[in-house]
Amino acid sequence: MNGVMLGSTYALLGIGLTLVFGIMRIVNFTHGEFYALGAYMAYLFVAQLGVNFFAAILLATAIGMIVGAALEFFILRRLKTTDIDSVMLLMIGLWIAMQNTEQLIWGGVAKLIPSPFAQQPLVFGPVSVSPLKVFVLVTAIVLLIAFHLLINHTRLGLAMRSTFQDRDVASLMGVNVGTIYMATFALGSGLAAVAGALLGPIFLVSPTMGDLASLKAFAIVILGGLGSTVGATIGGFVLALVEEFGSGYVSADFRDAFSFLVIVAVLILRPQGLFAPKERVG
Amino acid sequence: MQKLRWATAAVAAVLTASAAQAQETIKIGMTQPLTGPVAASGNYVANGAKIAVDVINANGGVLGKKLELILEDNKSNPKEAVNAVEKLILRDKVPLLIGAWSSTYTLAIMPKLIEYKVPLIVETSSSGKITTSGNPWVFRISPTSEMEAKAFLAKYDSFQPSIKKIDFLSVNNDWGRGSAEEFSKYLKTKGVEIGSVQFMTPDATDLSAQLTAIKQSGGDTLFITTGVEQMTLALKQAAELKLPQRIITTGGSFPDQLIANPGPKEMSSYHLLFFSPWFPDKAKYPDIAKVYVDEWTKRKLEFPGLTEGFRGYDAVLTAVEAIKIAGKAEPEALREALWKTRLPAVNGDIAFIKEGPAGAESGQNQPNIYIVLLNQGKVTMPLP
């Protein structure tokens with residue numbers, strides 16, 4: 001149960017990253033920071049401003065999207081180079097800047113977000129689970145379904161998919177690549193932010209929380225295949241379940257090692273990832 | 001030519017003046033985890049130290065000079081702790097250090113003390129290795145895990161129903177492993193059985209796998225040893241999983257966020273503390289404890305942070321006493337002076353006894369220990 005809950009939020013994280021990488025060819029090191037931003041926004045609205053918990057999650061997501069869009073519009077778009085190394089350096093710089101800003105505003109001490117759910121766990125036979133976790137799981141799954149519908153059944157999704165396959169051809173076919181880039185980055189960031197806002201109340205909110213999230217998101221994307229949203233979804237669940245069962249049945253000391261063992265195995269046996277999408281080469 | 005001479009004289013005068021000004025303070029270096037997974041505790045300790053420096057300076061400083069605290073963040077990371085200490089010693093030229101919270105960070109910086117010959121007052125770390133490895137520059141005011149375990153044993157009979165089988169959830173580092181070992185060793189002397197022993201990485205947030213294993217062990221008491229943040233998570237998740245065990249945390253940290261956000265109603269936990277701000281009268285020197293508690297509250301700092309802030313406060317008091325005895329702020333003189341230092345502090349009396357191999361002993365203090373119970377945001381001291 002815990003694994004499935006974690007998996008659903010990992011999947012949200014992974015999709016956001018794979019989308020940005022697949023469509024924009026940007027290695028987004030700030031992804032984990034958007035996760036932290038979402039969590040901090042939830043903390044700001046719920047604990048500091050007293051906004052309703054559910055509204056706060058929506059607001060946190062919206063702010064994640066706005067900041068993501070702004071970052072694309074004001075910084076990435078102005079960057080005249082498409083050289084992957086310099087973009088990567090820029091993203092690392094932004095990552096550090098965002099993390100330090102959070103630290104400056106909220107300090108290094110971890111915060112707890114109060115949740116409106118009953119503290120009493122729900123008990124089903126031998127399994128007990130907190131109502132908050134059930135809410136997180138349901139919300140994450142709804143978001144995952146909505147996202148797949150968006151990608152596969154809307155004009156925006158079509159434009160995104162075509163940009164992914166071939167940017168120049170898509171542009172010739174009348175797709176406004178600039179807008180698609182902005183939408184992609186905003187969506188990716190929004191997904192990270194919502195994952196942060198959902199997990200924030202379960203765990204604690206701290207400026208360095210994004211680092212581990214980034215690492216996990218990259219692992220999920222590599223597992224699922226770069227640019228594949230289905231792969232990222234399944235990758236998220238696989239990673240979380242491997243971690244949970246590995247630490248439950250073997251040893252919790254090596255919790256993070258299990259997930260990386262799976263990744264090493266995937267890289268050896270199927271280096272393009274489990275579900276790498278087809279794309280035009282040359 | 002005349003003009004040049006005037007200019008030189010003026011420059012020289014300015015330089016001497018600024019040098020004289022710089023000499024008016026006595027520096028103490030401190031490194032704490034101000035950011036990262038154990039930042040909460042590090043900030044409490046740092047605040048306690050700042051308060052002590054202000055109190056000392058308000059009362060005329062030391063040796064006629066103002067005391068200056070130079071604080072460096074070690075980012076909850078042993079590598080950064082070494083960097084911080086090198087900076088404090090080489091750039092700020094501090095004659096004495098306080099730090100570094102976690103045993104892992106303290107053990108990491110200890111070789112630097114020998115290299116640069118600077119004494120360190122250890123305010124929190126409790127791994128036995130710190131004072132037994134033969135480092136003559138180490139003076140520890142915090143208790144070792146062994147002292148905690150021994151002190152706990154004295155309260156063993158007060159727990160009802162009695163403790164028969166214990167489990168451990170410890171952070172996977174020198175402190176967590178050391179604590180689990182010492183508590184097992186001492187409780188075994190009472191015929192207590194050891195159930196499940198689980199470890200977690202310092203930055204782990206999801207502890208359900210470890211807690212599930214503990215739930216199935218059949219033990220009646222669970223000892224948790226880790227920093228405040230992970231302790232808070234462990235207590236929340238243990239309540240969610242309906243762990244049947246009585247929970248006792250070691251190490252002197254207190255999950256303050258659970259006061260404002262209490263969990264389910266049957267959630268309760270015992271905490272082994274070295275200062276209990278809810279009951280300052282129980283401290284050995286209530287007057288000293290009161291000054292500290294008042295200054296802390298005046299600054300509107302979180303009240304439960306007092307449980308750890310006193311470590312920084314007492315460390316600075318110890319440093320000041322050593323500077324007074326030495327009559328100067330030089331590392332070697334301070335090391336000599338620390339052996340003679342005896343003072344009343346928030347936790348109680350501070351004095352160092354020799355530990356470790358002969359000829360290279362470290363100083364170890366024997367502090368007092370208190371056990372409080374947290375239930376639904378309320379703190380009590382139920383044990384006699």
Side-chain angles (χ1 to χ4, degrees), chain A residues 1-3 5-6 9-10 46-47 99-100 102-104 106-115 118-123 126-133 199-209 211-213 215 240 243-258, chain B residues 32-44 46 73 75-77 169 172 196-201 203-216 227-230 232-233 236-243 255-267 302 305 376:
Chain A
M1 172 63 205
N2 203 42
M5 189 275 304
L6 267 186
T9 47
Y10 279 4
V46 176
Q99 190 167 86
N100 282 288
E102 284 150 13
Q103 200 167 306
L104 193 69
W106 289 284
V109 179
K111 309 281 190 221
L112 199 117
I113 303 175
S115 94
Q119 297 286 343
Q120 224 59 32
L122 305 170
V123 182
V127 184
S128 72
V129 63
S130 76
L132 177 64
K133 283 189 177 169
L199 280 185
I202 293 183
F203 300 131
L204 296 171
V205 187
S206 77
T208 44
M209 68 188 287
D211 294 356
L212 203 62
L215 200 66
E243 280 182 4
E244 282 295 310
F245 285 114
S247 49
Y249 289 102
V250 188
S251 161
D253 299 5
F254 306 110
R255 185 188 177 101
D256 291 327
F258 293 116
Chain B
Q32 287 293 320
L34 302 177
T35 57
V38 293
S41 302
N43 280 283
Y44 294 148
D73 182 9
K75 302 179 187 164
S76 304
N77 178 332
L169 177 62
N172 194 1
S196 171
V197 182
Q198 297 286 327
F199 293 101
M200 50 199 170
T201 54
D203 58 358
T205 48
D206 179 33
L207 312 169
S208 49
Q210 288 95 328
L211 289 167
T212 308
I214 289 167
K215 186 178 179 180
Q216 290 154 355
V228 182
E229 289 88 341
Q230 206 167 36
T232 310
L233 287 173
K236 275 176 69 181
Q237 293 176 19
E240 257 168 42
L241 289 171
K242 286 184 168 286
L243 238 65
D256 52 286
Q257 307 229 21
L258 293 179
I259 289 192
N261 303 295
K265 62 177 179 299
E266 53 295 311
M267 177 176 172
E302 293 114 330
Q376 284 303 290

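- Using a 4.5 Å cut-off between heavy atoms, P262(B) touches chain A through its backbone atoms (N, CA, C, O) alone.
- Q103(A) CD to D73(B) CG: the interatomic distance, rounded to the nearest 0.5 Å, is 7.0 Å.
- With a 4.5 angstrom heavy-atom cutoff, S130(A) touches chain B via backbone and side-chain atoms both.
- Across every non-hydrogen atom of K111(A) and Q257(B), the tightest pair is CA-NE2, 3.7 Å.
- To the nearest 0.5 Å, the span separating CD1 on I202(A) from CD on E240(B) amounts to 7.5 Å.
- Looking at P207(A), there are no atoms closer than 4.5 Å to chain B (heavy atoms on both sides), in backbone or side chain.
- Only the side chain of T232(B) comes within contact range of chain A, judged by heavy atoms closer than 4.5 Å.
- At a 4.5 Å heavy-atom cutoff, L199(A) makes no contact with chain B through either its backbone or its side chain.
- Using a 4.5 Å cut-off between heavy atoms, A204(B) does not touch chain A at all.
- For chain A, the option among K215(B), K75(B), K242(B), M267(B) with the highest count of heavy-atom pairs below 4.5 Å is K242(B).
- Within the 4.5 angstrom heavy-atom criterion, atoms from both the backbone and the side chain of L241(B) approach chain A.
- Side-chain contact check for L204(A) versus T205(B): every heavy-atom pair is 4.5 Å or farther apart.
- The backbone N or O of V205(A) lies less than 3.5 Å from no partner atom in the side chain of E229(B), so there is not a single donor-acceptor pair.
- Side chains of T208(A) and T35(B) form no contact here, defined as non-hydrogen atoms less than 4.5 Å apart.
- Note that OG of S208(B) and CD of E243(A) are 10.0 Å apart. Values are rounded to the nearest 0.5 Å.
- A heavy-atom distance below 4.5 Å is found between the side chains of Q237(B) and F203(A).
- Side-chain contact between D206(B) and E244(A): present, with at least one pair of heavy atoms (C-beta onward) separated by less than 4.5 Å.
- Annotation: side chain of K236(B) is in contact with side chain of L112(A) (closest heavy-atom distance under 4.5 Å).
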